[in-house]
**Student:** 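To start, I am sharing the structure in question, which I have written as structure tokens.
A quick note: this is a predicted structure, and the numbers were derived from the prediction, not measured. What's counted below: heavy atoms across the whole structure, side chains too, no hydrogens, waters or symmetry copies.
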There are 2 protein chains.
Amino acid sequence: MMTMVQRKTRNPEQTRNDLLDAAYTEILESGFQAASLERILANTSVSKGALYHHFGTKRDLGLAVIQEVIGPQLEGRWFNMLAQHSDPIRGLLKLIEEKIASADESVIRYGCPLNNLIQEMSPLDESFRQGLQKIIERWVEVVAEALKEGQASGKVRAGTAPQDIALFIVASIEGCVGLGKNAQSVTAYQRCLKQLQVYIQSLAV
Amino acid sequence: MMTMVQRKTRNPEQTRNDLLDAAYTEILESGFQAASLERILANTSVSKGALYHHFGTKRDLGLAVIQEVIGPQLEGRWFNMLAQHSDPIRGLLKLIEEKIASADESVIRYGCPLNNLIQEMSPLDESFRQGLQKIIERWVEVVAEALKEGQASGKVRAGTAPQDIALFIVASIEGCVGLGKNAQSVTAYQRCLKQLQVYIQSLAV
DNA sequence: GAAGATACCGACTAAGCGGTATCTTGTCAA
DNA sequence: TTGACAAGATACCGCTTAGTCGGTATCTTC
């Protein structure tokens, strides 16, 4: 008969969220494949049994992080910002400006969690790829929609394809973050985004 | 007493190159951390003893791949192309055009080996970061230099910072490749690069 | 308050990993 | 021809990994 040290009060939701949060951090720092379940458990003081009660496999945990942590994070920021500006150009510039201003150590060191997972996992696991792709598509769509409305209200140059431009903008952002991360340089990151601002400005009428 | 089945004729250089090539492929397909030495050996029919004769650690092998495979690959293409065009805009457009035209399965599936390693390894290993950064800096410098000469000869708009623009161009390329890879879509990849061409064209006088 | 379900515990397993030790064999200079 | 060393071969080691499983504690329901 073993004596078990269990949590006094149960809280399955909190346990699940703790795991999701810790997994998010661990994946951000080490990548998914190199992410260690043992380390995640150590950082949460959740037991292995509890982990495997909530998530069937490491893979399931990773997919949950994508859908429940990374997705909503991005959705909140971009959707809200572009919704509250009638001029999409101003909204986009503001978003980039925020990224420039809030260039903290985490972004410079670990980059974009979405992009990290894309580069690592999308060729290796179709479910990962689809989960990530859904987020990207939503992101591009939000930007494209804003540009489209901007064209309708005469604030964005006509004759350009909003979908293509939105795709390029998102790609450039990921590129800037990636390069800033490798340079370990806030200024390189900011210089790169500044050029993106110049490009965006050129989309105005 | 063991019976050893050895290669009839020795060829240390070839052995080293075989290892480098196989490691490059394995890293491209699985990432560095998940790259398996056993798999590399299986694909080369080189023995573990031979591997560890040529490379001290897995890490050393990875660093050698960066310096001796990935670096030269990029250097050749970009340096030559921009050197043989007097108009840098035309040179850049041609390079992008080539990328668009030669969008093969490997690029769409596995993306850019340089970018992959950056996102995975640069926060984890300072030597990796520096090796990769050297390549990026060289790349940016080649583009910046071309733009600068273009400004001098009146083919590129003055008043813009060549270094910053070059940085942005490289970032955008990596971004386009990354997004195309996740979309598993040649056309998305091409649409993205086409927008980059539009941007580059806007740099002309 | 008993029963059943849910949540959680932690020792264990099997496989794969990078790396090492010890050996043999090919090469080439003396 | 031989000695020395580089190159290659293979068995093995310690460690970490994701995942399992029998068991226990808490919560819910009746």
Side-chain angles (χ1 to χ4, degrees), chain A residues 1-24 26-27 29-65 117 120-121 124-125 127-128, chain B residues 1-24 26-27 29-65 117 120-121 124-125 127-128:
Chain A
M1 173 172 167
M2 291 179 276
T3 60
M4 301 225 171
V5 183
Q6 263 184 224
R7 295 187 154 182
K8 311 212 157 53
T9 59
R10 285 188 173 172
N11 195 340
E13 259 187 64
Q14 163 124 22
T15 301
R16 215 187 107 97
N17 283 339
D18 286 354
L19 286 170
L20 242 31
D21 282 357
Y24 169 81
E26 171 73 9
I27 290 172
E29 292 178 358
S30 305
F32 174 76
Q33 295 181 98
S36 162
L37 295 182
E38 312 280 351
R39 272 199 300 267
I40 292 172
L41 295 177
N43 287 336
T44 48
S45 28
V46 167
S47 70
K48 197 157 233 182
L51 168 69
Y52 275 93
H53 175 75
H54 287 282
F55 302 97
T57 60
K58 181 188 179 183
R59 183 166 172 270
D60 289 346
L61 176 59
L63 291 171
V65 167
L117 278 171
E120 179 188 4
M121 294 304 296
L124 298 179
D125 190 305
S127 294
F128 271 74
Chain B
M1 174 173 161
M2 293 178 275
T3 61
M4 303 224 171
V5 182
Q6 270 190 216
R7 297 183 152 182
K8 316 255 170 359
T9 59
R10 285 186 175 174
N11 194 340
E13 259 187 64
Q14 162 125 21
T15 300
R16 217 188 105 98
N17 282 338
D18 286 354
L19 286 169
L20 243 30
D21 282 355
Y24 169 80
E26 171 74 8
I27 290 172
E29 292 178 358
S30 304
F32 175 76
Q33 295 181 99
S36 161
L37 295 182
E38 312 279 352
R39 272 199 300 266
I40 293 173
L41 296 177
N43 287 335
T44 48
S45 31
V46 167
S47 69
K48 199 161 232 184
L51 168 69
Y52 275 93
H53 176 74
H54 288 282
F55 302 96
T57 60
K58 181 189 181 185
R59 184 166 170 270
D60 289 346
L61 176 59
L63 291 171
V65 167
L117 278 172
E120 179 188 4
M121 294 304 296
L124 298 180
D125 190 304
S127 294
F128 271 74

**Student:** If you check every side-chain atom of A:Pro12, which of C:dC8, C:dG18, D:dA18 has the closest atom?
**Tutor:** C:dC8
**Student:** Which one, C:dG18, C:dC8, C:dT27, comes nearest to the side chain of B:Leu37?
**Tutor:**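 Of the options given, the side chain of B:Leu37 lies nearest C:dG18.
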**Student:** Write down the distance between CD (A:Glu13) and P (D:dC27), rounded to a whole number of angstrom.
**Tutor:**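 Distance, rounded to whole Å: 15 Å.
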**Student:** Taking all heavy atoms of A:Tyr52 and all of A:Lys58, pick out the closest pair and write down the distance.
**Tutor:** OH-N, 4.5 Å
**Student:** Rounding to a whole Å, what distance do you find between A:Arg39:CZ and D:dC15:C1'?
**Tutor:** 14 Å
**Student:** How many whole angstroms separate atom CG of A:Asn11 from atom P of C:dT6?
**Tutor:** 17 Å
**Student:** In this structure, how many angstroms lie between the P atom of D:dG19 and the CD atom of A:Glu38, rounded?
**Tutor:** 11 Å
**Student:** Report yes if a side-chain nitrogen or oxygen of A:Ser47 is closer than 4.0 Å to either non-bridging phosphate oxygen (OP1 or OP2) of C:dC9; otherwise report no.
**Tutor:**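 Answer is yes, contact under 4.0 Å.
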**Student:** Using whole Å, report how far CZ of A:Phe55 lies from P of C:dA7.
**Tutor:**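 The distance from CZ of A:Phe55 to P of C:dA7 comes to 12 Å, rounded to the nearest Å.
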**Student:** Provide, to the nearest angstrom, the distance between the NZ atom belonging to A:Lys58 and the C1' atom belonging to D:dT20.
**Tutor:** 17 Å
**Student:** Determine the sole option in B:Leu20, B:Leu37, B:Leu63 for which the side chain to side chain contact (heavy atoms under 4.5 Å, CB included) test with B:Phe55 is passed.
**Tutor:** B:Leu20
**Student:** Nearest-Å distance, CG (B:Leu41) to P (C:dG18)?
**Tutor:** 9 Å
**Student:** Between atom CG in B:Leu51 and atom P in C:dC17, what is the gap in whole Å?
**Tutor:**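 In whole Å, C:dC17 P and B:Leu51 CG are 13 Å from each other.
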**Student:** Check every atom of C:dG19, D:dG8, C:dC8 against the side chain of B:His53 and return the nucleotide holding the closest atom.
**Tutor:**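 Between C:dG19, D:dG8, C:dC8, the one nearest the side chain of B:His53 would be D:dG8.
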**Student:** More 5' along DNA chain D: A:Gly56 or A:Ser36, using each one's nearest nucleotide?
**Tutor:** A:Ser36
**Student:** Using a cut-off of 4.0 Å on non-hydrogen atoms, how would the nucleic acid contact of A:Ala34 be classed: base, sugar-phosphate, or nothing?
**Tutor:** nothing
**Student:** For B:Leu124 versus A:Ser30, what's the shortest heavy-atom pair and its separation?
**Tutor:**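 In terms of heavy atoms, the two residues are closest at CD1-O, 4.4 Å.
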**Student:** Below the 4.0 Å mark, does D:dG8 have OP1 or OP2 next to a side-chain nitrogen or oxygen of B:Thr15?
**Tutor:**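 Yes, within the criterion.
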**Student:** Could you grab the distance from atom CG of B:Asp21 to atom OG1 of B:Thr44, nearest 0.5 Å is fine?
**Tutor:**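 Answer for the CG-OG1 pair, B:Asp21 versus B:Thr44, is 10.0 Å.
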**Student:** Taking the nucleotide of DNA chain D with the nearest heavy atom to each, does A:Ala35 or B:Lys48 sit closer to the 5' end?
**Tutor:**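 Mapping each residue to its closest nucleotide by heavy atoms, the 5'-most match is B:Lys48.
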**Student:** Please determine whether any donor N or O and acceptor N or O are separated by less than 3.5 Å between the side chain of A:Arg10 and the base of D:dT26.
**Tutor:** yes
**Student:** Taking 4.0 Å as the cut-off, does a side-chain nitrogen or oxygen of B:His54 come that near to OP1 or OP2 on D:dG8?
**Tutor:** yes
**Student:** Considering only side-chain heavy atoms of A:Ala50, which listed nucleotide, D:dT17, D:dT20, C:dC8, is closest?
**Tutor:** C:dC8
**Student:** If we count only N and O atoms by modelled type, under 3.5 Å, do the side chains of A:Gln33 and A:Glu120 hold a donor and an acceptor together?
**Tutor:** yes
